Amino acid sequence: MSNILAREHNVSEIIISEDKLKNRIQELGKQITNDYKNKKLLVIGVLKGCFVFMADLIREINLPCEIDFMYITSYNKNTISSGVINIVKDLSIDISGYDLLIIEDILDTGLTLETLCTLLQTRKPNSMKICTLLDKPSRRKSNIYADYVGFVIEDNFVIGYGLDYAEEYRNLPYIGIYNQNT
Ligand code: IMP
Ligand code: MG
């Protein structure tokens, strides 16, 4: 690869291009638009990783909806989830009666989302579904599954389009494999 930009340092392979992301997100938006007619849709982004995907997805949802965010971190500092979550920022509205669509960047072990969904369920939403851009089912350690999946990927650590490695690379416009050998 010639002419490597600083932000692309450590990308060993681009697995999902900008075009592929755009097309798939249009499809997901259509599907969600069909499924949520006459519902009280509240789209909840799980920060930080969701923000690029969510910004593009909501513009493909052709329905009235509200938006909120939760910022959670896993207590485990390395690349493996612990399932113990720290709520840095909670939702700003009462979710009872809403049809929740939770937006995640990636479903890996599923431990983070399982904990989060259990918590949100106690707040009595009307319904709750999960939309994840990426799914790594081979790593699942919980029974959780996503109702809407952008792309199923293999067990590689990926970066870009909101996903980070040590807080960097979120601004890559595509999904790439992080090269851990440099
Ligand atoms: P889980 O609890 O293992 O499902 O962890 C999900 C969270 O771990 C995601 O929201 C990401 O923040 C992070 N994560 C898991 N896999 C990757 C990856 O391949 N790249 C970047 N972040 C990841
Ligand atoms: Mg992360």
Side-chain angles (χ1 to χ4, degrees), residues 16 18 20-75 81-153 158 160-164 170 173 175:
I16 310 170
E18 289 183 67
K20 274 196 185 154
L21 286 164
K22 193 167 192 294
N23 290 337
R24 182 68 187 123
I25 289 166
Q26 280 175 350
E27 289 173 2
L28 286 174
K30 282 199 186 106
Q31 211 183 330
I32 292 165
T33 301
N34 278 328
D35 294 351
Y36 280 85
K37 292 204 168 83
N38 303 315
K39 303 246 178 178
K40 197 177 173 192
L41 175 58
L42 174 63
V43 183
I44 295 179
V46 184
L47 294 170
K48 296 176 195 172
C50 74
F51 78 107
V52 181
F53 172 45
M54 182 163 161
D56 285 343
L57 180 67
I58 56 168
R59 284 176 285 178
E60 302 292 343
I61 300 176
N62 191 14
L63 290 173
C65 68
E66 293 179 47
I67 305 293
D68 206 351
F69 292 98
M70 256 183 119
Y71 178 12
I72 58 175
T73 55
S74 171
Y75 274 113
S81 180
S82 65
V84 182
I85 60 171
N86 176 30
I87 299 175
V88 180
K89 184 218 164 285
D90 206 335
L91 297 172
S92 58
I93 62 172
D94 176 0
I95 60 171
S96 62
Y98 277 96
D99 294 294
L100 309 185
L101 183 63
I102 299 170
I103 310 293
E104 255 285 23
D105 53 354
I106 185 165
L107 195 49
D108 188 31
T109 66
L111 294 170
T112 307
L113 261 194
E114 186 177 37
T115 310
L116 181 66
C117 290
T118 305
L119 169 73
L120 294 182
Q121 203 68 66
T122 65
R123 300 180 185 179
K124 309 270 185 275
N126 187 51
S127 68
M128 188 162 67
K129 283 189 180 179
I130 295 169
C131 174
T132 186
L133 176 64
L134 305 175
D135 190 4
K136 271 193 223 174
S138 59
R139 302 229 328 149
R140 200 75 87 251
K141 289 197 184 129
S142 72
N143 287 327
I144 207 128
Y145 68 92
D147 302 275
Y148 305 95
V149 176
F151 301 89
V152 175
I153 62 166
V158 292
Y161 201 70
L163 289 104
D164 73 304
R170 295 191 197 273
I175 303 285

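Just so it is clear, the model here is predicted, and its values are computed rather than measured. Computation of the quantities below employed the complete heavy-atom set of this structure, encompassing side-chain atoms and omitting hydrogens, waters and symmetry-equivalent molecules.
Listed here is the closest heavy atom pair of F69 and L91: O-CD2, 3.6 Å. Shortest non-hydrogen contact noted between F53 and L28 is CZ-CD1, 4.1 Å. In this structure, I67 and M54 approach most closely via the heavy-atom pair CG2-CE, 3.4 Å. The minimum heavy-atom distance between M128 and L120, with the atom names listed, is SD-CB, 3.9 Å. Nearest heavy atoms, L134 versus I175: CD1-CD1, 4.0 Å. The two residues I93 and D68 make their nearest non-hydrogen contact at N-OD2, 3.4 Å.
Between the CD atom of E66 and the CD1 atom of I58 there is a distance of 12.5 Å, given to the nearest 0.5 Å. Interatomic distance, I144 CD1 to T132 OG1, rounded to the nearest 0.5 Å: 10.5 Å. Taking CG of L111 as the start and OG of S142 as the end, the distance is 5.5 Å to the nearest 0.5 Å. Distance OH/Y36 to CG/L42: 10.5 Å, rounded to 0.5 Å. To the nearest 0.5 angstrom, T112 atom OG1 is 7.5 Å from I85 atom CD1. The line from CG of L163 to SG of C50 is 10.0 Å long, rounded to the nearest 0.5 Å.
Two residues are said to be in side-chain contact when any heavy atoms from C-beta on lie closer than 4.5 Å; L57 and I32 meet this criterion. Between L133 and D105 the shortest side-chain heavy-atom distance does not fall below 4.5 Å. With contacts defined as side-chain heavy-atom distances shorter than 4.5 Å, the pair R140/L107 qualifies. Side-chain contact between K22 and D56 is absent, with no heavy atoms from C-beta onward closer than 4.5 Å. Side-chain atoms of T115 and V84, non-hydrogen and from C-beta on, never get closer than 4.5 Å to each other. Within the 4.5 Å cutoff, no side-chain heavy atoms of R139 are placed close to those of P137. A 4.5 Å side-chain heavy-atom check between L41 and I61 finds at least one atom pair inside the cut-off. At least one side-chain heavy atom of Y148 sits under 4.5 Å from a side-chain heavy atom of L101.
The environment of D90 atom CG is dense: over 12 non-hydrogen atoms of other residues, nucleotides or ligands sit within 6.0 angstrom. Atom CG of N34 has more than 12 heavy atoms from other residues, nucleotides or ligands within 6.0 Å. Enclosure of atom NZ in K129 by more than 12 non-hydrogen atoms of other residues, nucleotides or ligands within 6.0 angstrom is indicated.
Remark: the backbone N or O of K141 is not paired with any side-chain donor or acceptor of T109 at under 3.5 angstrom. Listed for the R123 side chain is no donor-acceptor partner under 3.5 Å among the backbone atoms of I95. A distance-only check finds no donor-acceptor pair linking the side chain of D135 to the backbone of V152 [under 3.5 Å]. A distance-only check finds no donor-acceptor pair linking the side chain of R170 to the backbone of G160 [under 3.5 Å].
Between K30 and E27, no side-chain nitrogen of the basic residue sits less than 4.0 Å from a carboxylate oxygen of the acidic one, so the salt-bridge criterion is not met.
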Exercise for the section: Give the C-alpha distance, both sets of side-chain angles, the deciding distance and a yes or no for side chain to side chain contact (heavy atoms under 4.5 Å, CB included) between E104 and L113. Expected result: CA-CA 9 Å; E104 255 285 23; L113 261 194; 3.8 Å; yes
Problem - Stepwise side chain to side chain contact (heavy atoms under 4.5 Å, CB included) test for L21 and F151 - result: CA-CA 9 Å; L21 286 164; F151 301 89; 4.0 Å; yes
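Checking each of I102, I87, V88 against M70 for a side-chain contact (heavy atoms from CB on, under 4.5 Å) leaves exactly one that passes, namely I87.
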